[in-house]
2 protein chains.
Amino acid sequence: MKTQPLLGHPACLLTRLDVHVQGQVTALLAPLGINPRQYGLLSLLGERDGLSQHQLCGPLNIHRNVMVDLVDELEQRGLVERRRHPADRRAHALHLLPAGRQLHAEAEVLVDRFEAKLLGGLDVDEAATFVALLQRVYADAGLDGDHDTGLAAGASGRR
Amino acid sequence: MKTQPLLGHPACLLTRLDVHVQGQVTALLAPLGINPRQYGLLSLLGERDGLSQHQLCGPLNIHRNVMVDLVDELEQRGLVERRRHPADRRAHALHLLPAGRQLHAEAEVLVDRFEAKLLGGLDVDEAATFVALLQRVYADAGLDGDHDTGLAAGASGRR
DNA sequence: TATTGTTATACTCTATAACTATA
DNA sequence: TATAGTTATAGAGTATAACAATA
């Protein structure tokens with residue numbers, strides 16, 4: 001017996017699951033006043049402080065134009081601060097303020113809890129396998145190279 | 001050594017992979033003149049002809065308002081046809097026309113080929129495991145119940 | 001009273017281009 | 001000449017509400 005025609009496609013399965021996850025995480029973070037994208041920015045800065053706006057564009061998958069408003073809002077709320085970039089006077093070095101670090105920590109707890117629930121139907125081994133395979137597919141698709149979170153700014157032009 | 005902070009989140013991994021897949025499939029189908037959503041509609045009708053517009057809304061994850069334009073275009077291009085619904089005079093029964101069936105077949109080849117490439121980095125067992133786990137997570141999230149592709153129209157109100 | 005399809009409207013998001021100051 | 005950040009604008013997409021026909 002054939003099941004759902006569309007869900008026979010892994011791509012469709014992936015997309016529908018992502019819509020759900022995206023919606024859930026958005027609703028989860030709403031009480032904290034941030035969306036997934038803003039969480040992502042705080043997370044990246046928490047990992048490596050002082051990155052430029054452009055350096056964050058890749059990992060967050062957004063255009064530099066969009067980044068402006070994103071940083072504007074976080075700065076107005078005292079979560080992040082624009083300072084002079086030590087090496088390039090055109091760029092801004094973004095720094096995580098204490099309030100931002102605090103908020104990110106709270107958000108991370110919520111996200112981790114959600115993800116645990118998302119994979120809660122699998123046992124520990126299965127969950128680990130699933131994530132590992134997801135990472136494999138992700139890397140095989142060449143999506144790893146896009147993350148120049150590193151300092152080597154001079155990457156090959158893409159997009 | 002810690003890797004990427006954001007990609008440590010399975011949710012983020014999933015979302016980024018989906019953006020890639022969505023973009024690839026869209027580009028893949030573009031030469032055929034359809035988008036993933038239109039492909040989905042043709043696919044569902046190929047499986048079960050004569051569904052109403054409303055019945056297609058759930059599986060395609062779109063509102064009935066959006067469905068109108070979607071069907072309009074496919075009908076104008078002679079891929080699909082609106083007929084009288086035998087059981088409910090308010091509804092339209094959608095039927096796949098030969099040209100639509102043909103186009104869907106061509107599209108399916110392309111999509112299947114892409115998905116094979118997407119999972120091409122995994123061996124056969126791993127790929128099967130990955131898809132199976134994906135389906136498990138999908139079902140555990142309760143996303144299965146949304147697909148009333150069946151004829152029982154009177155579902156519980158959601159959204 | 002509820003539902004199917006339809007239409008119109010407003011809102012959000014995104015993509016594009018252009019400008020400045022630096023490199 | 002190319003790049004980081006900024007701004008403005010147009011377009012696509014989405015959400016909401018309302019309506020007519022039918023259940």
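Residue numbers begin at 1 in each chain, while the letters A, B, ... track the order of the sequences.
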Have a look at the helix from C/dT1-D/dA23 to C/dA23-D/dT1 and give the angle its two end axes make, five pairs each, rounded to 10 degrees. 10°
Hits for salt bridge (charged side-chain N to carboxylate O under 4.0 Å, His left out) against B/Arg77, two or more places apart or cross-chain, chain-then-number order -> B/Glu73
Rounded interatomic separation in angstrom, taking CG from A/Leu70 and P from D/dA4: 17 Å
Round to the nearest Å and state the distance from A/Leu56 atom CG to D/dG5 atom C1'. 13 Å
So if I take every side-chain heavy atom of B/His92 and compare against C/dT4, D/dG5, C/dT6, which nucleotide ends up nearest? C/dT6
Rounded to whole Å, the CD1-P distance (B/Ile62 to D/dT16) equals 15 Å
In whole Å, I'd like the distance from the CD atom of A/Glu73 to the P atom of D/dT6. 15 Å
Nearest non-hydrogen partners of A/Pro59 and A/Leu44, listed with the distance: CB-CD1, 3.6 Å
For residues 92-105 of chain A, please give each side-chain donor-acceptor pair under 3.5 Å, one per line with the distance, not counting sequence neighbours.
from: A/His95; atom 1: ND1; to: A/Asp49; atom 2: OD2; distance (Å): 2.7
from: A/His95; atom 1: ND1; to: A/Arg83; atom 2: NH1; distance (Å): 3.4
from: A/Gln102; atom 1: NE2; to: A/Glu106; atom 2: OE2; distance (Å): 2.8

Shortest non-hydrogen contact from A/Leu70 to A/Ile62? CD2-CD1, 3.8 Å
To the nearest Å, how far apart are B/His54 NE2 and C/dT6 C1'? 15 Å
Could you pull out the protein-nucleic contacts involving nucleotides 7-13 of chain C (nitrogen or oxygen on both sides, under 3.5 Å)?
from: C/dT7; atom 1: O4; to: B/Asn65; atom 2: ND2; distance (Å): 3.0

For B/Asp140, all residues meeting salt bridge (charged side-chain N to carboxylate O under 4.0 Å, His left out), sequence neighbours excluded: none
N/O (side chain, A/Gln53) to phosphate O (OP1/OP2, D/dT6) under 4.0 Å: yes
Could you list by number each residue of residues 20-33 of chain A showing a heavy-atom separation from DNA chain D of less than 4.0 Å, or answer none if no residue does? none
Once side chain to side chain contact (heavy atoms under 4.5 Å, CB included) is applied, do any residues pair with A/Glu115, and if so which ones, sequence neighbours excluded? A/Val111, A/Asp112, B/His9, B/Pro10, B/Ala11
Tabulate below the donor-acceptor pairs under 3.5 Å that side-chain atoms of residues 30-37 of chain A make, not counting sequence neighbours, or state none.
from: A/Asn35; atom 1: OD1; to: A/Arg37; atom 2: N; distance (Å): 3.1
from: A/Asn35; atom 1: OD1; to: A/Gln38; atom 2: N; distance (Å): 2.8

Can you pull every protein N or O that's under 3.5 Å from an N or O on nucleotides 21-23 of chain C?
from: C/dA23; atom 1: OP1; to: A/Arg89; atom 2: N; distance (Å): 3.1

Under the side chain to side chain donor-acceptor pair (under 3.5 Å) rule, what pairs show up with a residue in residues 124-134 of chain B, not counting sequence neighbours? A/Arg136-B/Glu126
Quick one: which residue pairs count as a salt bridge (Lys or Arg N to Asp or Glu O under 4.0 Å) with a foot in residues 85-99 of chain A, not counting sequence neighbours? A/Asp88-A/Arg90
Between P on D/dG5 and CZ on A/Arg84, what's the gap in Å once rounded to a whole number? 14 Å
Contacts of A/Arg64 that satisfy salt bridge (charged side-chain N to carboxylate O under 4.0 Å, His left out) - sequence neighbours left out: none
Evaluation steps, side chain to side chain donor-acceptor pair (under 3.5 Å), between B/Ser43 and B/Glu108: CA-CA 9 Å; B/Ser43 181; B/Glu108 193 170 34; 5.4 Å; no
Residue pair B/Arg82, B/Gln53: steps toward the side chain to side chain donor-acceptor pair (under 3.5 Å) verdict: CA-CA 9 Å; B/Arg82 278 187 248 238; B/Gln53 296 183 188; 2.6 Å; yes
Nearest heavy-atom neighbours spanning B/Gly40 and B/Leu60: C-CD2, 3.7 Å
